[in-house]
Amino acid sequence: MSNSWPELTYEALKDTVATVQLWAQIVGKVRLVKMPWINHSWHVTLYLSASGITTGSVPYSEGLFQIDFDFIQHTLSITTSTGKQDTMQLYARPVADFYKVFMEKLNKLGIEATIYASPNELDPVIPFAMDNTHREYNPEQMHALWQAWIHIHVVFTKFRAKFIGKCSPVHIFWGAFDLAVTRFSGRRAPLHPGGSPNIPLRVMQEAYSHEVSSCGFWVGNDQFPYPVFYAYCYPTPEAFSKMAVQPKEAFYSHEMGEFFLSYKDVITSADPENYLLQFLQSTYEAAAETGNWNRKALEEDLSVFEKHYS
């Protein structure tokens, strides 16, 4: 891995990301139907790997299987604990073709999975089997995005390690295709009103059943065409948006209800890792302070363990 963070622009990424996000939804939905429900929909997420993104281990009738996107060799592989494996190439191909070939390979390996075969969190919706619109795949752009995710994953993991309360893994939600990590106060939250496209209300309410402070990285969309880091909390105290956060380039969007920091500002700073950590920590503190979290019970300096046991 290069020590330099790759340059990313929404314009260069958007067509490839639109396609790969739908491929990831197909794969993620297989994980969804084969896993037991885990709180806050953590059973549906994907994870960064040393070659791309992965489902991790998923149970099925003969043991475990795993699905891996490889953004070095640009392949997708399905591996089972019985020793069976199959692979397909990643290239510019319609979502409908990817869906057909992928599901055939699952069946060939004895993995039975009937998914809801339309996208979530997107509008308009084209069923996977009918989607010949999304077909772009630029391997260099996808590799650059994955390399950016690696750098971000390292920083998010360091940030996560400073919290001893309930906290999510660092994972990819394929709905919005964002890399995220979420801290919890431990208290129940009011019922979420919903509002995301093509997500059942009860799923949103279970996902936000408890108070959260969440941060992540998102490539952007046509209305907000910039790769950005975001931070929000639920419920959102009125004072949250008025809190001073770091670095000075961070800003609050009243339309989106979140703090944002441009990816470009991060990678052009003198120390991208610490620059990003400032944003993660200060937005968390804004959520915790305005939400009256019990920070003494939720935070602890664990560096003493590193010194004694590393």
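Nothing here was measured: the structure is a model prediction, and the numbers come from that model.
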Peer 1: To the nearest 0.5 Å, what is the distance between OH (Tyr137) and OG1 (Thr19)?
Peer 2: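 One finds 10.5 Å between OH of Tyr137 and OG1 of Thr19.
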Peer 1: Taking side chain as C-beta onward, heavy atoms only, is Pro247 less than 4.5 Å from Leu261?
Peer 2: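 Result yes, sub-4.5 Å side-chain heavy-atom pair found.
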Peer 1: What distance do Ser4 atom OG and Ile267 atom CD1 have between them, rounded to the nearest 0.5 Å?
Peer 2: 9.0 Å
Peer 1: So Phe98 and Trp23, would you call those rings parallel, tilted or perpendicular, with 30° and 60° as cut-offs?
Peer 2: parallel
Peer 1: Does the ring pair (Phe, Tyr, Trp, His ring centres under 6.0 Å) test come out yes or no for Phe156 and Phe217, once each step is laid out?
Peer 2: CA-CA 10 Å; Phe156 281 11; Phe217 171 75; 8.2 Å; no
Peer 1: Judged by atom type as modelled, is there a donor-acceptor pair below 3.5 Å linking the side chain of Asn198 to the main-chain atoms of Leu122?
Peer 2: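 Side chain of Asn198 to backbone of Leu122: a pair is present.
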Peer 1: On a heavy-atom basis, which atom in Leu145 and which in Val219 lie closest, and how many Å separate them?
Peer 2: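 Closest approach of Leu145 to Val219: CD1-CG2, 3.9 Å.
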Peer 1: Got Phe229 and Asp265 here, is their nearest side-chain heavy-atom distance under 4.5 Å?
Peer 2: no
Peer 1: So with a 6.0 Å cut-off around OH of Tyr226, is the heavy-atom count from everything else above 12?
Peer 2: no
Peer 1: Within the side chain of Thr16, is there an N or O that forms a donor-acceptor pair under 3.5 Å with the backbone of Asn138?
Peer 2: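 Yes: the side chain of Thr16 pairs with the backbone of Asn138.
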Peer 1: Using 30° and 60° as the class limits, which term best fits the ring planes of Tyr263 and Trp5: parallel, tilted or perpendicular?
Peer 2: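 The rings of Tyr263 and Trp5 sit tilted, inter-plane angle from 30° to 60°.
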Peer 1: Short question: side chain of Thr55, backbone of Ile67 - any donor-acceptor pair under 3.5 Å?
Peer 2: yes
Peer 1: Any chance you could lay out the salt bridge (Lys or Arg N to Asp or Glu O under 4.0 Å) test for Glu206 and Arg202, step after step, and finish with the verdict?
Peer 2: CA-CA 6 Å; Glu206 194 280 327; Arg202 62 179 182 174; over 6 Å; no
Peer 1: Do we see a donor-acceptor contact under 3.5 Å between the side chains of Tyr230 and Asp178?
Peer 2: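 There is such a pair between these side chains.
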Peer 1: Hey, are the side chains of Pro119 and Phe128 touching, using non-hydrogen atoms and a 4.5 Å cut-off?
Peer 2: yes
Peer 1: For Asn221 and Tyr10, which I'm curious about, is there any donor-acceptor pair between the side chains at under 3.5 Å?
Peer 2: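 Their side chains do not contain a donor-acceptor pair, so the 3.5 Å distance test is not met.
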Peer 1: Using side-chain heavy atoms (C-beta onward) and a distance below 4.5 Å, is Leu8 in contact with Leu13?
Peer 2: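 Yes, side chains in contact.
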Peer 1: For Val44, is there any backbone N or O sitting under 3.5 Å from a side-chain donor or acceptor partner on Ser41?
Peer 2: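 Flag not set: sc Ser41 to bb Val44 has no pair under 3.5 Å.
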Peer 1: Is there side-chain contact between Thr45 and Arg31, with heavy atoms separated by less than 4.5 Å?
Peer 2: yes
Peer 1: Might you point out which heavy atoms bring Lys29 and Ser118 nearest each other, and give the distance in Å?
Peer 2: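 In terms of heavy atoms, the two residues are closest at NZ-O, 3.0 Å.
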Peer 1: Indicate yes or no for a side-chain donor-acceptor contact from Gln205 to the backbone of His192 under 3.5 Å, with no hydrogens or angles considered.
Peer 2: yes
Peer 1: For atom CD of Glu112, decide whether the heavy atoms of other residues, nucleotides or ligands shown that lie under 6.0 angstrom number more than 12.
Peer 2: no
Peer 1: Keeping Ser214 on the side-chain end and Thr182 on the backbone end, is there a donor-acceptor pair under 3.5 Å?
Peer 2: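 No, the answer is negative, given that no donor and acceptor are paired below the 3.5 Å cut-off.
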Peer 1: If two hydrophobic side chains count as joined below 4.5 Å and joins carry through other members, does Tyr47 share a cluster with Phe69?
Peer 2: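 Different clusters.
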Peer 1: Is there a donor-acceptor contact under 3.5 Å linking the side chains of Gln66 and Asp68?
Peer 2: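 Gln66 vs Asp68: donor-acceptor pair found between side chains.
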Peer 1: Any idea which heavy atoms bring Thr75 and Leu90 closest together, and the distance?
Peer 2: O-CD1, 3.4 Å
Peer 1: Considering non-hydrogen atoms only, spot the tightest contact between Ala287 and Cys233 and give its length.
Peer 2: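 Closest approach of Ala287 to Cys233, heavy atoms only: CB-CB, 3.6 Å.
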Peer 1: For the pair Lys14 and Glu136, find out whether any cationic side-chain nitrogen is under 4.0 Å from an anionic carboxylate oxygen.
Peer 2: no
Peer 1: List the atom of Ser282, the atom of Val245, and the distance in Å for their closest heavy-atom pair.
Peer 2: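 It is OG-CB, 3.5 Å.
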Peer 1: Side-chain contact test, heavy atoms from C-beta onward, threshold under 4.5 Å: evaluate it for Thr80 versus Ile111 and give yes or no.
Peer 2: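 When only atoms from C-beta onward are counted, Ile111 and Thr80 do touch, with a gap below 4.5 Å.
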Peer 1: Show your reasoning for whether side chain to side chain contact (heavy atoms under 4.5 Å, CB included) applies to Leu22 and Ile126.
Peer 2: CA-CA 10 Å; Leu22 290 165; Ile126 306 173; over 6 Å; no
Peer 1: Quick one: do Leu46 and Tyr116 end up in the same hydrophobic cluster if we chain Ile, Leu, Val, Met, Phe, Trp and Tyr together by side-chain heavy atoms under 4.5 Å apart?
Peer 2: no
Peer 1: Do Phe102 and Val30 have side chains that get closer than 4.5 Å, going by heavy atoms?
Peer 2: yes
Peer 1: If you count heavy atoms of other groups shown closer than 6.0 angstrom to CE of Met130, is the number above 12?
Peer 2: no
Peer 1: Please enumerate all residues that pass ring pair (Phe, Tyr, Trp, His ring centres under 6.0 Å) together with Phe173, with sequence neighbours excluded.
Peer 2: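 Per chain and number, Phe173 pairs via ring pair (Phe, Tyr, Trp, His ring centres under 6.0 Å) with His171.
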Peer 1: Mind running side chain to side chain contact (heavy atoms under 4.5 Å, CB included) on Ser51 and Gln73 for me, showing each step along the way?
Peer 2: CA-CA 8 Å; Ser51 59; Gln73 303 299 326; over 6 Å; no
Peer 1: Would Phe279 and Val155 count as a side chain to side chain contact (heavy atoms under 4.5 Å, CB included) here? Give the steps.
Peer 2: CA-CA 11 Å; Phe279 178 72; Val155 180; over 6 Å; no
Peer 1: Is there a path from Leu201 to Val212 through hydrophobic residues (I, L, V, M, F, W, Y) whose side chains come within less than 4.5 Å of each other?
Peer 2: no
Peer 1: Can you confirm whether Glu62 is buried at CD, in the sense that more than 12 heavy atoms of other residues, nucleotides or ligands lie under 6.0 Å from that atom?
Peer 2: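 Yes, enclosed.
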Peer 1: Hey, quick one: are Val58 and Leu64 part of the same hydrophobic cluster, counting side-chain heavy atoms closer than 4.5 Å, chains of contacts allowed?
Peer 2: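 Hydrophobic grouping puts Val58 apart from Leu64.
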Peer 1: When clusters are formed by joining ILVMFWY residues with side-chain heavy atoms under 4.5 Å apart, either directly or through shared neighbours, do Ile78 and Ile72 land in the same one?
Peer 2: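 Yes; Ile72 is reachable from Ile78 via cluster members.
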Peer 1: Is it true that atom NZ of Lys166 has more than 12 heavy atoms of other residues, nucleotides or ligands lying nearer than 6.0 Å?
Peer 2: yes
Peer 1: Is there a side chain to side chain contact (heavy atoms under 4.5 Å, CB included) between Phe159 and Arg183 once you walk through the steps?
Peer 2: CA-CA 10 Å; Phe159 172 68; Arg183 293 175 169 185; 3.4 Å; yes
Peer 1: Quick one: list whatever passes ring pair (Phe, Tyr, Trp, His ring centres under 6.0 Å) with Phe177, sequence neighbours left out.
Peer 2: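 Counting only residues at least two positions away or on another chain, Phe177 forms a ring pair (Phe, Tyr, Trp, His ring centres under 6.0 Å) with Trp149.
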Peer 1: Rounded to the nearest 0.5 Å, how far apart are OG1 of Thr54 and CG of Leu76?
Peer 2: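 Reported to 0.5 Å precision, the distance equals 9.5 Å.
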Peer 1: Could you state the interatomic distance from CD (Glu140) to CZ (Phe71), rounded to the nearest 0.5 Å?
Peer 2: 13.5 Å
Peer 1: Could you report the tightest heavy-atom contact between Ala231 and Thr283, atom names first, then the distance?
Peer 2: CB-OG1, 3.4 Å
Peer 1: Between Trp174 and Val27, is there a side-chain heavy-atom distance shorter than 4.5 Å?
Peer 2: no
Peer 1: When rounded to the nearest 0.5 angstrom, what is the spacing between CG in Leu32 and CD in Gln25?
Peer 2: 11.0 Å
Peer 1: Could you tell me how the ring of Phe184 sits relative to the ring of His210: parallel (under 30°), tilted (30 to 60°) or perpendicular (over 60°)?
Peer 2: perpendicular
Peer 1: Report the distance from atom OH of Tyr252 to atom OH of Tyr232, rounding to the nearest 0.5 Å.
Peer 2: 12.0 Å
